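Worksheet: the structure to be examined is printed underneath.
Bear in mind the structure is a predicted one, so any value in this text is a computation, not a measurement. All ligand and atom numbering here is 1-based and tracks the order in the structure.
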Amino acid sequence: MLSQRAYQDAQGIRDWIVQTRRELHRFPELMYEEVRTSHLVRKTLDELNIPYRYPLAETGVVAALGNGDGPCVALRADMDALPIHEETDVSFRSEHPGKMHACGHDCHTAMLLGAARLLKQREAEIRGTVKLIFQPAEEGGAGGQRMRNEGALNDPPVQRIFGLHVWPLIPTGTLGSRAGVFLAAAGEVELIVRGRGGHAAMPHLAIDPVSVAAKLVTELQTIVSRELDPLNSGVVSITSIHGGDAYNVIPPAVTLRGTVRALTMDVFRFVQQRVREIATQIGSAHRCEVDVRFPGNDYPPTVNDQVCWNVAKELAAQLTSPGNVHELPPVMGGEDFAFYTEEVPGCFVALGMRNEALGAVYNVHHPKFKADEDALPLGTAMHVAFAMQSLEDLR
Ligand code: NI
């Protein structure tokens with residue numbers, strides 16, 4: 001069977017995938033700075049004799065395999081790391097202080113390079129095109145949007161797209177996802193509360209932005225608890241407060257930052273609007289001005305196509321066993337894979353990575369996040385199987 005052969009082949013190059021991943025892990029690079037990473041991707045593609053377009057979105061690479069005569073399916077990996085200082089005990093830990101592949105994008109890139117290698121071996125069987133998208137800046141930089149805008153899904157037009165993410169919430173050897181909304185619309189919010197600084201002993205001569213900031217933190221929680229339908233999901237998290245340097249001085253301003261999330265764009269825009277209204281009104285009730293900004297890139301929700309999830313689920317069951325494939329509930333994390341599925345049907349799949357014996361129990365974005373490398377061949381095989389099966393289906 002197609003998928004079992006893919007898994008055997010992926011197991012056969014396990015060491016190569018692991019070595020590639022470890023090399024990437026040692027030299028993590030932040031968004032739009034993935035120079036070394038992108039170079040490793042291109043060098044590998046050159047060695048495999050696979051043509052590619054470069055650069056897209058600064059450091060992005062789009063490779064293509066096949067005879068071009070038929071449908072086109074895309075496989076996507078992200079390449080960027082996070083501004084986190086690594087605290088794991090692995091021998092290949094980050095050599096860039098303050099930067100870490102804490103979201104497993106090193107695994108994603110290595111798994112897709114593994115797929116490139118296996119797909120090259122069977123290129124004669126590829127009737128159509130398989131595109132391999134290596135993108136920068138998933139972590140807030142909307143690299144996926146730039147790749148899309150710069151034509152990653154065109155020439156030839158992509159008809160299905162597939163992406164994987166390591167998932168420490170489910171065990172190694174399992175996979176999961178769902179049809180419909182899988183990941184949330186997500187964006188950043190920044191609130192600058194401006195009052196008038198002064199001596200803390202004479203608050204009546206100042207306008208205190210600190211007490212207003214405190215009110216904002218609690219009042220903004222009523223949007224989700226009091227204004228959204230309880231069956232609708234939303235998040236407002238204030239994650240950072242900065243203002244003042246001395247115990248006896250009222251500062252002139254306080255800056256709050258955080259994130260807003262929802263499972264649909266309608267709810268997302270509603271929450272943003274209510275954050276703006278509540279913050280402004282609470283500010284003026286207490287003689288402060290509040291600047292409300294949504295400065296980052298707002299990610300739309302990641303919506304999986306039913307047919308693509310059916311294909312992925314079926315292949316995952318063949319590769320492992322039906323009991324190892326999970327229908328997962330949506331999660332409020334965001335993903336810029338959403339920019340691709342806005343345009344073409346696709347599926348984003350969670351690849352299990354939890355392994356208690358190995359200490360691979362920390363969630364992504366944690367300084368102790370550790371990947372279970374035994375999951376990597378499964379990811380590579382999923383890429384290969386999804387591409388080959390989808391080309392058959394689309395003919
Ligand atoms: Ni990630």
Salt bridge or not for Arg36 and Glu23, using N-O below 4.0 Å? yes

Parallel, tilted or perpendicular, judged at 30° and 60°: which one describes the rings of His165 and Trp167? perpendicular

Judged by atom type as modelled, is there a donor-acceptor pair below 3.5 Å linking the side chain of Arg354 to the main-chain atoms of Val361? yes

Per residue His105, nearest N, O or S atom to the Ni ion (ligand 1) is named NE2

Any N/O/S atom of His108 sitting less than 2.8 Å from the Ni ion (ligand 1), backbone or side chain? no

Where the Ni ion (ligand 1) is the centre, what is the NE2-to-SG angle for His165 and Cys103, rounded to 10°? 90°

Do the side chains of Lys99 and Glu86 get close enough for a salt bridge, i.e. N-O under 4.0 angstrom? no

